[in-house]
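Encoded as structure tokens, the structure appears first; notes follow it.
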Amino acid sequence: QVQLLESGGGVVQAGDSLRLSCVASGRIFSSMVMGWFRQDPGKERKFVAAVYLRSNSTDYTDSAKGRFTISRENAKATVHLQMNSLKPEDTAVYYCAAGVFHGATIRIARAYTYWGQGTQVTVSS
């Protein structure tokens, strides 16, 4: 059993920065992938970024590339999403996710097993 808790969301202006954090409890394996997804009201959850815990390799959607950075803390079951140069279109609920994959792409939400409750990010213009 794995539980994830996100924090760090808030209301900011365009161009500002936020750092989202996800603290994991339970058994986290090095073979897992942890990622961040976003969801607008009435929309499907969309991939933002992910990191392979074993290799620290990362993946980003085009809108996040160059602005967002996903990272993990050594010796801690915690991942972060540093969000810079925020835009109004970044406004969404952001969810932390984790899973052990069986050949599924890390960009597909349904491939993840564990999810946090989400943290709201609102960017005003």
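- Every residue was checked against the side-chain hydrogen bond (donor to acceptor under 3.5 Å, both in side chains) condition with Gln3, not counting sequence neighbours, and none meets it.
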Below 3.5 Å, can you tabulate the donor-acceptor pairs from side chains in residues 113-120 to any protein atom, sequence neighbours excluded?
from	atom 1	to	atom 2	distance (Å)
Thr119	OG1	Gly9	N	3.1
Gln120	NE2	Ala92	O	3.4
Gln120	NE2	Thr122	OG1	3.3

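- Listed by first then second residue, pairs satisfying salt bridge (charged side-chain N to carboxylate O under 4.0 Å, His left out) with a partner in residues 77-98 read Arg67-Asp90, not counting sequence neighbours.
- The salt bridge (Lys or Arg N to Asp or Glu O under 4.0 Å) check on Arg72 picks up nothing, with sequence neighbours excluded.
- Using a 4.5 Å cut-off on side-chain heavy atoms (C-beta onward), Thr61 and Lys46 make no contact.
- Between Tyr95 and Phe37, the ring center distance fails the sub-6.0 Å criterion.
- Residues Leu18 and Val121 meet the side-chain proximity criterion, which asks for heavy atoms closer than 4.5 Å.
- Considering only heavy atoms from C-beta on, Phe47 stays 4.5 Å or farther from Thr105 through its side chain.
- Contact between Ala50 and Tyr112 at its shortest, heavy atoms only, is CB-OH, 3.7 Å.
- Between Ile70 and Gln82 there is no side-chain heavy-atom pair separated by less than 4.5 Å.
- Closest of all the heavy-atom pairs between Val2 and Leu4 is CG1-CD2, 3.9 Å.
- For the salt bridge (charged side-chain N to carboxylate O under 4.0 Å, His left out) condition, no pair includes a residue of residues 20-31, sequence neighbours left out.
- Atom CD1 of Ile106 and atom CD1 of Ile108 lie 10.5 Å apart (nearest 0.5 Å).
- Side chains of Tyr94 and Met83 form a contact here, defined as non-hydrogen atoms less than 4.5 Å apart.
- For residues 16-90, the disulfide (SG to SG under 2.5 Å) pairs, not counting sequence neighbours, are Cys22-Cys96.
- Residues Met34 and Phe29 share a hydrophobic cluster, clusters being chains of Ile/Leu/Val/Met/Phe/Trp/Tyr side chains in contact below 4.5 Å.
- Applying the side-chain hydrogen bond (donor to acceptor under 3.5 Å, both in side chains) criterion to Ser124, with sequence neighbours excluded, gives no partner residue.
- By the side-chain contact (heavy atoms from CB on, under 4.5 Å) test, Val23 pairs with Thr78, sequence neighbours left out.
- Applying the side chain to side chain donor-acceptor pair (under 3.5 Å) rule to pairs touching residues 6-24 yields Ser17-Asn84, Ser21-His80, sequence neighbours excluded.
- The side-chain hydrogen bond (donor to acceptor under 3.5 Å, both in side chains) search around Ser30 returns Arg54, not counting sequence neighbours.
- With hydrophobic clusters built from ILVMFWY side chains whose heavy atoms lie under 4.5 angstrom apart, Trp36 shares a cluster with Leu53.
- Residue pairs meeting the salt bridge (charged side-chain N to carboxylate O under 4.0 Å, His left out) criterion with at least one member in residues 31-45, sequence neighbours excluded, are Arg38-Asp40.
- Side-chain contact between Leu81 and Val48 is present, with heavy atoms from C-beta onward closer than 4.5 Å.
- Applying the ring pair (Phe, Tyr, Trp, His ring centres under 6.0 Å) rule to pairs touching residues 49-77 yields nothing, sequence neighbours excluded.
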